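Report on the following structure.
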Amino acid sequence: MFTLIKRELESVAVFLLLPLLVMAGVITLVFADVQYTYREHIPLGIPRSMVLAFIYPFCILPFFFGGLGSYLMQSDRTRQISRFLVTLAMTRNQIMMARFVGGIVSILILLTPLAIAEALLLRMYPRIVPYSITPLLLMFGVTFLANVLGFTVGLCLGQQSSRIIAIFGMFLLLTILLGVVLIQGFVWQSVVILLLLTTAGSVRTWQTFSTTSI
Amino acid sequence: MGFKRNYYLRVLIVGIIVLTATSLVLFGLRYQAEILLWDFCMPKVFSKANMEIVTDDLFPEFADDPNLFFYSYARIRTGDEFLYESFKVLKDWHYATQRIHWPHFEGEDIQGIYFIEKKDVVSRFIYFDEELGLFTYCQVNAVFSNPEKERWVREDLAYAGPKGVSELPDAALGQFDKDRMIDPIGFRNKWVIWDTEQSCFLVIDFESMTFRKGPKLPEARFTDMANSWYLETMKRYCIVDWYSGDFEPNSLVAPPEGLLQDVRNVIMILDEMGFVFALEPESLKLTGPLGRLPGILLEPGEEPIFDPSKILGYSVQSIHAWPNYRGLLTGVVFKDGYTMGMALFDAEGTQIEKNQINLHKLIPTEPVGPIYYLLRYSFENLHPPVLAFLSYFVADWYGPEEGFRALFFLPHSFVANMACGSKANFIENAFAAMALLLPAILLGVFLAWRVDRDARLLGVSKRIRNGWIVATFLFGLPVWITYRLTRPGIWMVTCANCGRLRRLDRQTCQHCQSGWEVPELEPPGWRVYDGG
């Protein structure tokens with residue numbers, strides 16, 4: 001299983017380089033802004049740039065992961081990876097699980113640096129008055145789920161034989177579904193709805209993958 | 001996993017995704033209809049609507065002045081950002097995060113922190129420490145290093161609890177219960193706090209370290225609506241203005257912006273029934289009521305019903321002819337955002353004028369108005385009928401603001417609005433709601449018929465077919481889309497026995513139950529010959 005996950009990560013590693021680079025840029029900007037505002041204003045509440053930093057992982061990365069999921073399923077079909085793997089005493093469930101875990105690890109690889117940077121910043125530049133960390137945690141939770149949703153939607157639609165449906169369908173569906181957060185905000189309701197959608201998407205992907213011929 | 005379980009799971013998953021996606025698309029369409037209304041219709045509606053109270057009753061000494069040309073008048077309006085504020089959709093990132101960032105994020109006025117002095121290098125403020133249950137008065141100093149600010153140092157100067165004020169957080173100070181008090185109202189460096197636990201006002205002066213408790217007011221019920229933070233929020237939706245006309249405009253003094261204070265050194269405070277009282281911060285004596293927020297008027301001539309949960313925004317303004325207090329102007333924008341009320345009270349607290357405005361009566365008179373209603377009604381009827389019908393019952397569960405963002409239920413729909421204002425009994429209302437949902441019901445019936453016809457053609461079992469019919473009737477469009485997406489893609493051929501389309505994947509025809517081998521036709525035992 002670990003070998004499978006490792007293989008999945010190796011196959012997506014090259015695609016993660018650019019998003020990681022952008023994330024490094026975002027983190028640098030947040031560092032610079034927090035440092036500047038700390039000197040200029042009394043440090044009260046969570047710095048605004050920490051919130052604005054979520055524009056990138058929330059608005060752009062889900063589509064990247066959607067595309068990645070779609071690409072993985074399309075290349076699986078064209079290069080007949082799964083067909084080869086099942087000859088090596090691997091079950092379809094294991095292949096799917098490895099792909100899913102690989103996707104989640106990739107998402108965490110991109111989001112964890114931001115989380116660590118923000119935690120570090122709040123420690124380096126302490127706030128004067130106790131504040132609630134819950135809103136920031138909710139933002140992380142919602143962003144993580146939005147990315148997982150993007151990945152599962154990509155995996156699900158990537159199984160379509162038509163590449164156009166796989167790509168444009170993913171963009172359209174994801175744009176609509178992420179509207180939940182724009183309407184509800186980064187709140188528990190969004191977490192619940194995204195969790196439900198992510199579960200539904202994952203089960204559907206697994207169901208299709210395990211019942212169609214490879 | 002069995003075929004049936006697999007099928008049910010697939011239908012459930014696709015159903016969840018389709019229901020969410022459809023609700024989001026319909027939300028977007030309803031929002032676009034509102035934008036259409038506010039961009040093309042509302043400016044004209046506002047100019048047509050009688051949103052004023054014109055009176056000379058507050059200034060009788062000038063009323064008969066022959067030189068008087070302009071009378072004084074009061075005017076109510078909604079905040080310029082009403083649409084964006086209420087829907088909070090996509091205006092920018094700020095609004096997407098706004099629901100949670102008010103009290104917690106930098107760059108905004110952070111709720112719960114009250115500045116007494118705010119300068120570049122030194123600031124003093126109070127805040128409520130939830131761990132201690134005390135108000136903490138502190139000073140923050142910037143520490144310099146190589147001419148630049150390096151860090152900030154906080155120094156706690158005093159603590160205040162329900163029993164007193166001290167330099168140390170003593171247990172003798174007691175503890176405030178966050179849910180049973182109103183955030184402090186600042187008044188000339190003194191802080192007035194309503195403590196529900198003790199049913200009295202407390203006034204704390206952190207500078208002189210004095211603490212005073214007012215008389216017990218066991219009957220009083222003040223709410224969070226009374227504090228200035230809340231007022232600031234509510235004032236974004238409702239603004240009342242007083243124009244003094246020719247009544248010596250220079251002598252009229254408006255109260256300080258944003259605070260329920262007036263020039264008589266009193267604090268105006270609102271109770272949960274909407275009555276406005278005057279509180280003297282020195283003696284903590286409560287006088288009034290000076291006036292009341294307008295309630296929802298059900299029928300002409302009836303006593304309006306005031307319900308804080310049905311208010312989207314309110315505003316209060318006191319009117320003076322220096323140094324005398326002349327009256328009070330109150331205004332309210334109700335939950336739907338299109339109904340407003342304003343009232344004018346004299347110095348004794350007697351209502352002298354009131355004006356109830358229902359913009360929905362004027363919207364149809366504008367060219368875009370009927371289009372808006374048609375669009376809104378159509379979009380509401382595309383919503384799952386059962387959710388649209390249940391909106392009637394759950395409309396009151398939603399707060400005024402969150403109702404605009406509801407996805408699955410529609411607390412501001414035509415059906416739900418009936419629940420807010422109607423006095424008819426339950427059965428009558430339920431029938432009226434169903435009558436309003438007639439297009440949705442008819443659409444449900446039509447789609448259920450389509451599903452049934454298609455399912456019969458495919459030879460779906462009666463039990464599953466009935467399930468689809470019921471689900472399509474109840475949930476309408478989303479279930480129909482789900483059916484189309486989960487419908488088995490099957491090649492059909494003409495049955496050699498009955499001539500209708502039959503499935504290729506079954507041994508027998510779903511219509512005539514004949515197999516692939518058509519039985520030989522047995523000729524009848526009789527014949528007709530020419531000439532008999």
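Worth knowing before you read on, the calculation uses all heavy atoms, side chains too, and leaves out hydrogens, waters and symmetry mates. Labels below follow one simple rule: chain letters A, B, ... track the order of the sequence lines, proteins then strands, and each chain is numbered from 1. All figures in this text were calculated on a predicted structure; none of them were measured in a lab.
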Between H41(A) and Y36(A), is there a donor-acceptor pair closer than 3.5 Å when you use the side chain of the first and the backbone of the second?
->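 Not a single qualifying donor-acceptor pair exists.
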Sequence neighbours left out, cut at 3.5 Å: what donor-acceptor pairs do the side chains of residues 102-114 of chain A make with other protein atoms?
from	atom 1	to	atom 2	distance (Å)
S106(A)	OG	G102(A)	O	2.7
T112(A)	OG1	L108(A)	O	2.4

Count the heavy-atom pairs under 4.5 Å between each of V180(A), L173(A), T134(A), V129(A) and chain B, then report the option with the highest count.
->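 When all of V180(A), L173(A), T134(A), V129(A) are compared, V129(A) has the most.
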Not counting sequence neighbours, list each pair that qualifies as a ring pair (Phe, Tyr, Trp, His ring centres under 6.0 Å) and has a residue in residues 139-158 of chain A.
->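 Those involving residues 139-158 of chain A are F54(A)-F140(A).
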Inspect the contact between E34(B) and R30(B) and indicate whether a charged nitrogen and a carboxylate oxygen are less than 4.0 angstrom apart.
->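 Result for this pair is no, no salt bridge flagged.
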Salt bridge (charged side-chain N to carboxylate O under 4.0 Å, His left out): pairs with one or both residues in residues 124-146 of chain B, sequence neighbours excluded |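 Of all non-adjacent pairs touching residues 124-146 of chain B, those that pass salt bridge (charged side-chain N to carboxylate O under 4.0 Å, His left out) are E117(B)-R124(B), R124(B)-E207(B).
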May I ask you to list the residues in residues 192-203 of chain A that approach chain B closer than 4.5 angstrom, counting heavy atoms only, ordered by number?
->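 Only I193(A), L196(A), L197(A), A200(A), G201(A), V203(A) of residues 192-203 of chain A have a heavy atom under 4.5 Å from chain B.
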Indicate, with yes or no, if the rings of F186(A) and F58(A) have centres closer together than 6.0 Å.
->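 Between F58(A) and F186(A), which both carry aromatic rings, the centre distance is below 6.0 Å.
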